[in-house]
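Predicted, not measured: the structure shown is a model, and the values here were computed from it. Hydrogens, waters and symmetry mates are skipped; everything else that's a heavy atom, side chains included, is used. Each chain gets a letter, A, B and so on, in the order its sequence line appears, and its residues count up from 1.
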Protein chains: 2
Amino acid sequence: MPQKVTIATVARHARVSRQTVSNVLNAPHIVREETRQRVQEAISALGYRANQAARQMRTGRSRLIATRIEPTRDGINGSVLDRFLHGLTDAAGVAGYRIVLYTAADDTAELATYDDLLGAYDLDGFVLTGTDHGDPRTAWLAERGVPFVTFGRPWDTPDQHPWVDVDGASGAAQATNRLLETGHRRIAFIGWPTGSGVGDDRRSGWRTALRAAGLDPTDLDRETSDGIVQGEQVARNLLALPDPPTGLVCASDSLALGALRAVRALDRPVAVTGFDDTPVAEAVGLTSVSQPLGRAAARCMDLLTRILDGPRGDGPHQVLLRPTLVVRQTA
Amino acid sequence: MPQKVTIATVARHARVSRQTVSNVLNAPHIVREETRQRVQEAISALGYRANQAARQMRTGRSRLIATRIEPTRDGINGSVLDRFLHGLTDAAGVAGYRIVLYTAADDTAELATYDDLLGAYDLDGFVLTGTDHGDPRTAWLAERGVPFVTFGRPWDTPDQHPWVDVDGASGAAQATNRLLETGHRRIAFIGWPTGSGVGDDRRSGWRTALRAAGLDPTDLDRETSDGIVQGEQVARNLLALPDPPTGLVCASDSLALGALRAVRALDRPVAVTGFDDTPVAEAVGLTSVSQPLGRAAARCMDLLTRILDGPRGDGPHQVLLRPTLVVRQTA
DNA sequence: CCTTGCATCTTGAACGATCCAATCGCGGTG
DNA sequence: CACCGCGATTGGATCGTTCAAGATGCAAGG
């Protein structure tokens with residue numbers, strides 16, 4: 001049973017005072033080089049690790065960042081957050097932080113959880129995902145001066161806080177352009193009801209791309225809630241038009257999967273693209289828009305540490321990343 | 001800017017000593033009822049929350065539990081861990097713990113991370129997932145007396161530590177029996193190479209079910225690494241036999257998806273079942289074995305808190321849960 | 001009336017780090 | 001030779017909590 005190694009142990013071993021050891025760790029430049037090395041050797045010889053609890057008590061900083069883990073609603077889209085979370089954990093580790101998870105049934109419960117996490121664990125900051133119009137969470141956090149970054153744009157308030165997002169319009173445009181390049185002229189969009197920031201963004205990309213090609217998007221724009229069944233129904237509907245589309249750009253892989261089912265019933269080929277490049281897309285060979293989740297997570301941590309670790313060279317506080325189109329069999 | 005509320009603030013407000021407040025929180029039975037209520041009122045009136053860092057420094061307990069988040073290897077199976085993680089976070093919250101994430105490139109890095117987490121954050125325990133034969137992690141942790149639970153059986157050493165697992169043999173047997181009940185007599189198994197605990201377990205379930213029905217599994221047992229392409233290839237091979245199987249029990253949804261592709265090329269119907277009931281299975285209508293991940297996570301936390309929060313009524317330290325078969329179109 | 005025991009509550013110290021103010025050594029200056 | 005300035009180092013106080021030991025009050029027992 002090895003004795004506990006504290007800063008005092010290291011100090012004795014290197015024949016300096018505790019404060020000098022502390023300085024070596026927190027302000028190396030004010031310690032003479034020779035002394036610094038001696039202390040460093042003692043640290044690694046003894047396997048010393050600063051006790052976070054003690055440090056936190058004194059400094060009020062925990063080096064802990066919270067993020068929420070969702071109850072895998074759809075199951076398909078869940079994997080997006082899963083991958084983001086992995087990237088976040090990685091990036092946090094590099095920056096010397098750790099990710100703490102929490103769940104919340106609804107918004108009220110979530111705010112209560114914030115209070116708890118801040119009060120009991122002295123969390124340094126939050127990473128929020130899936131923000132939508134009029135999100136109460138950002139206001140709550142901003143009000144209390146808690147550092148946070150959102151993955152997802154604040155759709156109402158312009159740039160009140162740091163965020164990272166993926167350009168959904170660009171993604172949808174890329175998918176649409178791919179179809180245009182392969183000769184399609186009648187390209188429909190299957191998306192969510194207007195009103196959701198993410199959904200409207202993707203829709204606008206499709207619309208813009210069509211218009212840029214001199215085509216009219218009227219009649220080809222459909223709205224439905226997310227899901228395979230819904231996608232199939234809407235797609236069937238579209239394909240029964242007098243002048244049916246030959247390409248379907250979908251706002252999610254779930255919708256695209258449904259669309260694929262509708263297409264399979266036909267004898268003519270219809271191109272389909274999805275969104276998010278979920279494992280399902282890869283499995284069934286669905287062309288889909290892939291979000292750079294690892295990079296997004298890294299940028300989130302970057303923005304957050306910039307706030308936490310003091311005013312470093314500024315750079316932008318808002319980051320918009322471009323997704324890429326992964327071309328497979330369906331388009 | 002509200003003043004920080006400490007145990008001393010509460011003590012003053014309730015006109016008792018700090019220690020009495022502490023007792024109300026940690027050992028309510030030794031405080032007079034009347035006093036207890038007065039303190040409780042002060043606590044809620046002031047919105048007091050015990051500072052974890054200070055508590056941790058004194059007790060050496062952090063109420064933090066670590067678990068690893070994997071780099072979504074296959075992508076399909078990733079969602080299993082995702083759902084488990086969500087359940088774990090929930091269960092931990094109820095028990096008054098929080099989940100901290102970490103990643104690790106390889107086993108050596110993982111052990112180093114353990115050291116770091118224990119040294120710096122004083123973690124209370126670990127939940128390990130995906131244990132396999134001769135896992136170095138369990139030995140390392142056990143050696144140092146660190147509390148941990150594994151989700152997944154230790155396949156070599158019999159019951160050295162608490163674990164929770166899902167009965168893969170039962171799952172495969174259920175899938176096999178379903179096919180037997182619907183009239184199938186030639187039922188093949190597509191699994192992973194022998195040597196992996198999980199894979200062998202599932203294979204044995206299929207074999208046992210066949211034997212119990214008086215059927216001979218010889219010739220119908222196949223081994224391949226996980227993946228859609230691999231599944232397709234092996235299935236095609238099986239279906240080309242002189243006396244081909246009419247049902248395919250697969251060790252994973254990935255393999256089953258591949259098998260489905262092979263089947264689609266045929267004109268006769270062949271039943272296929274998968275394993276893990278991933279979102280993909282639901283998406284394509286694949287019959288699959290569903291693991292009770294939420295319950296598994298809850299049992300993990302239960303076993304862990306039993307170790308951490310002192311000797312409660314024992315009960316078993318090993319839990320084997322039964323999966324259920326989700327019947328869809330493919331079988 | 002004093003002792004004993006029990007229940008209840010209070011006081012001082014400790015956990016391990018950082019912050020603060022004071023001290024030390026040392027070469028240069030008046 | 002006393003003094004100064006400056007960088008490097010030191011000891012003490014501090015964060016908020018729990019532990020260990022001591023104090024208090026009350027009732028029963030001798």
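- Rounded to the nearest 0.5 angstrom, D122(B) CG and L64(B) CG are separated by 10.0 Å.
- Once rounded to the nearest 0.5 Å, the distance linking CG of L128(B) with CG of D135(B) reads 7.0 Å.
- The distance from the CZ atom of R61(A) to the OG1 atom of T59(A) is 6.5 Å, given to the nearest 0.5 Å.
- The residue A53(A) sits apart from the nucleic acid: no heavy atom pair falls under 4.0 Å.
- Across all their heavy atoms, R153(A) and D167(A) have their closest contact at NH2-CA, 4.1 Å.
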Notebook entry, point to check: How would nucleotides 4-9 of chain D be written as a contact map, 5' to 3', with B for base contact, S for sugar-phosphate-only contact and - for no contact, using protein heavy atoms under 4.0 Å?
Noted result: ----SS

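- In this structure, N26(B) places its CG atom 17 Å from P of dT8(C), rounding to the nearest Å.
- For residues 54-65 of chain B, proximity to DNA chain C is found at M57(B), R58(B), defined as any non-hydrogen atom under 4.0 angstrom from a strand atom.
- Summarising the geometry, the separation between CG on L25(A) and P on dT18(C) is reported as 7 Å, rounded to the nearest angstrom.
- In this structure, the CD1 atom of I7(B) is 19 Å from the P atom of dA14(C), given to the nearest Å.
- We find that CG of N51(B) is positioned 13 Å from C1' of dC15(C), with the value rounded to whole Å.
- Using a 4.5 Å cut-off on side-chain heavy atoms (C-beta onward), L303(B) and W163(B) make no contact.
- In this structure, the CD atom of Q52(A) is 15 Å from the C1' atom of dC15(D), given to the nearest Å.
- End-to-end axis angle of the helix from dC1(C)-dG30(D) to dG30(C)-dC1(D), using five pairs per end and rounding to 10°, comes to 80°.
- Ring geometry for F126(B) against Y102(B) counts as perpendicular: the plane angle is over 60°, on a 0 to 90° scale with 30° as the lower cut.
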Next item on the list: Apply salt bridge (charged side-chain N to carboxylate O under 4.0 Å, His left out) to R36(A) and E33(A), showing your working.
Entry: CA-CA 5 Å; R36(A) 203 188 59 71; E33(A) 178 58 19; 3.2 Å; yes

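- Test D309(B), T305(B), T89(B), D124(B) against Y97(B) for side chain to side chain donor-acceptor pair (under 3.5 Å) and you get one pass: D309(B).
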Checklist line | Working for side-chain contact (heavy atoms from CB on, under 4.5 Å), residues Y48(B) and V39(B) | finding: CA-CA 11 Å; Y48(B) 166 76; V39(B) 172; over 6 Å; no

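- Atom pair D122(A):CG and dA17(C):P shows a separation of 18 Å (rounding to whole Å applied).
- By the 30° and 60° cut-offs, the orientation of the rings of F151(B) relative to F84(B) is parallel.
- Distance Y48(A) OH to dG16(C) P: 10 Å, rounded to the nearest Å.
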Notebook entry, point to check: Would D90(A) and T103(B) count as a side-chain hydrogen bond (donor to acceptor under 3.5 Å, both in side chains) if you check the C-alpha gap in whole Å, the side-chain angles of each, and the deciding distance to 0.1 Å?
Noted result: CA-CA 6 Å; D90(A) 252 350; T103(B) 55; 2.7 Å; yes

